[in-house]
Amino acid sequence: MNNQMLGIIDAAVNQHSLQDLTAGRSIGAVPFAGRYRLIDFALSGMVHAGIRSVAVFSKSPYRSLMDHLGSGKEWDLNRKRDGLFFLPSSIPHDEHVGLGSFRQFAEHLDYFQRSTQPYAAVANSYTVCHIPFQEVLKQHLESGCDLTEVCQEGKPLGLYITKKSLLREMAEGHCAGGAQSFEEVCRKERGSLSVNSYEHSGYTAVIDSPESYLFHSLNLIQPVFREQVFHMSQPVYTKIKNDPPVKYAKNSRVKQSIIANGCVIEGEVENSVLFRGVHVGKGTIIKNSVIMQKTRIGENCRLEHVICDKDVKIGHHIEMSGTMSLPFIIKKGAVQGALMNS
Amino acid sequence: MSWAEAGRFGILHTNDKMEITSFEEKPKYPKSNLASMGVYVFKWSVLEKALERDEKKSGSSHDFGKDIIPALLEEKKKLNAYPFKGYWKDVGTVRSLWEANMDLLGDHPLLDLFERNWRIYSVAPNLPPQFVAEQADIKESLISEGCAVYGAVTRSVIFQRVAIGRHSAIKRSVVMHDVSIGEHVEIENAIASAGIRIPDGFRAKGEDGEVLLITEEYVKKHKVV
């Protein structure tokens, strides 16, 4: 069964659903779970299923995503045969036809012509779960259907498996009625195509709003959920950075949190996720929040239900709070309050 | 270099121009505390000849400190000492390795791993960030990726993928990578070597200023049955 599938990640859909967090990056490049980017989960899942050729369909702004994926080395996809293909689209932003847009596949038919794998696994870049693509393929073949859609409790997860030859026909507009994407084939117009459904159990996080981002970030702090996404035998691969260990100061107080390397904690952190290199000053209290890379928070601040993007500088005595359903988002590189000297 | 430790090193004697006048390798009674750090810069032509001569010398241990430097001094070559003022520690003993780790802690550590202009690069494994549980209590410590901390950690250095169970307390210790520590464990003034499993209820403490090295054999011998 190995090398039967090629992987397709549609990183061009849902570009703006995370508001300020996706202002300058595609959704797949949004940092998640302390050291990863959202796309790492789909990409690692494909690699663990033996997929050796992955095409990432992207749309501007994709600099951040491209920088993260690089040559594909971290996913063992820097290969002479097959490997990682980064395929940007020229379709304008406002045209939305749902996940797995045929027109964007049609722009890169070469990829489908040159690859040798008979089946294609299609995923989005914002679903965090541990999908066993090999099992999905097995069930797809048994069903005899044209297309298999992965669902959880009947809700579609935006993951599909189909024959590559059929995908090419769909991309060239030869079948699927008037449907313009995989999503439309399943939801609207399927012509003569038959669709099978694969039920996925196990923790699944679809990150499509600031609310779901915060909800799942905090959920994954709990070992019972984390173990379903981070298997020791099938690690989630990501771009590795070199950072010192986390430094806890004399008065630090950290409870129920995920902390990435390079952080310096002098204050209190509770039920929160801290990415690499975050500095938490003395007397500061952070609760139910996500703080991304290299953000520096001064002394005696209070942050609750906050999603703080990368490289933010927060001065002293600043209070910010949102709610679970309406998290307070701080934009990348923002400066709040008087600047610290360091 | 402290006088107490000077005997572990090659000791230099210099004149007021910092020219080396004599050199003793690990003297029992050092007359100077200017220790050689084992870092040298040579003019290649001089070093090349010295190495060739040393190669032919019978009884030479082919060592910079023991053979090459004394031979160059004998030949009246001009040797200069560069007094290094930064942090330096030779971690050749269990105690000095432990001390060097402790030197990384505190608000103003002697060696700052967070120095932005002097980053220490290493092999970085792909590990999830560390998990700190509700019951955990961490103070003045360094803890690396892949760890899961459910107990108390005070003034300690914890390497990658270490698990510390509930009601356990680690004090003034170094825990190497992949160590699994059970519940109700107490460890103080110790180095736990990599990969070992420390069972529930285990207690180990370096007494009277000694640093205890906890190995697999030590755990086997001292396990409460």
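Side chains are part of it too, since the values below use all heavy atoms of this structure and drop only hydrogens, waters and symmetry mates. Keep in mind that this is a model prediction, so the values were computed, not measured. Below, read A as the first sequence line, B as the second, and so on, with proteins coming before strands; counting in each chain starts at 1.
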### chain A contact via B/Ile138 - which portion, at a heavy-atom distance below 4.5 Å
both
### Query
So what's closer than 4.5 Å to chain B heavy atoms on A/Ile221: side chain, backbone, both or neither?
both
### Query
Of all of B/Ala124, B/Ala148, B/Cys147, which one pairs up most often with chain A through heavy atoms under 4.5 Å apart?
B/Ala124
### Summary
Turns out that what part of B/Leu104 lies under 4.5 Å from chain A's heavy atoms comes down to backbone
### Message
If I measure from the heavy atoms of chain B, does A/Val236 come under 4.5 Å with its side chain, its backbone, both, or neither?
### Response
backbone
### Query
Should A/Arg226 and B/Pro128 count as side-chain neighbours, where that means a heavy-atom distance under 4.5 Å?
no
### Intermediate values then yes/no, side chain to side chain contact (heavy atoms under 4.5 Å, CB included), B/Leu105 and A/Lys247
CA-CA 8 Å; B/Leu105 304 174; A/Lys247 184 168 188 173; over 6 Å; no
### Query
Within the side chain of A/Lys255, is there an N or O that forms a donor-acceptor pair under 3.5 Å with the backbone of B/Gln135?
no
#### Entry: Residue selection (most heavy-atom pairs with chain A, distance under 4.5 Å) from B/Ala133, B/Ala136, B/Ser141
B/Ser141
### Summary
If you tally heavy-atom pairs under 4.5 Å between each of B/Leu142, B/Val123, B/Asp107 and chain A, the highest tally belongs to B/Leu142
### Beyond-backbone contact of A/Pro245 with B/Leu113, side-chain heavy atoms, under 4.5 angstrom
yes
#### Entry: Under 3.5 Å: donor-acceptor pair, side chain of B/Asn126, backbone of A/Ile240
no
### Message
With a 4.5 angstrom heavy-atom cut-off, is it the side chain or the backbone of A/Asn271 that approaches chain B, or both, or neither?
### Response
neither
### Query
Hey, does the side chain of A/Arg35 reach the backbone of B/Leu127 with a donor-acceptor pair shorter than 3.5 angstrom?
yes
### Message
With heavy-atom distances below 4.5 Å as the criterion, would you say the side chains of A/Val246 and B/Glu145 are in contact?
### Response
no
### Query
Tell me, do A/Tyr248 and B/Val149 make a side-chain contact under 4.5 Å, heavy atoms counted?
no
### Query
Checking heavy atoms, do the side chain of B/Arg155, its backbone, both or neither come under 4.5 Å from chain A?
neither
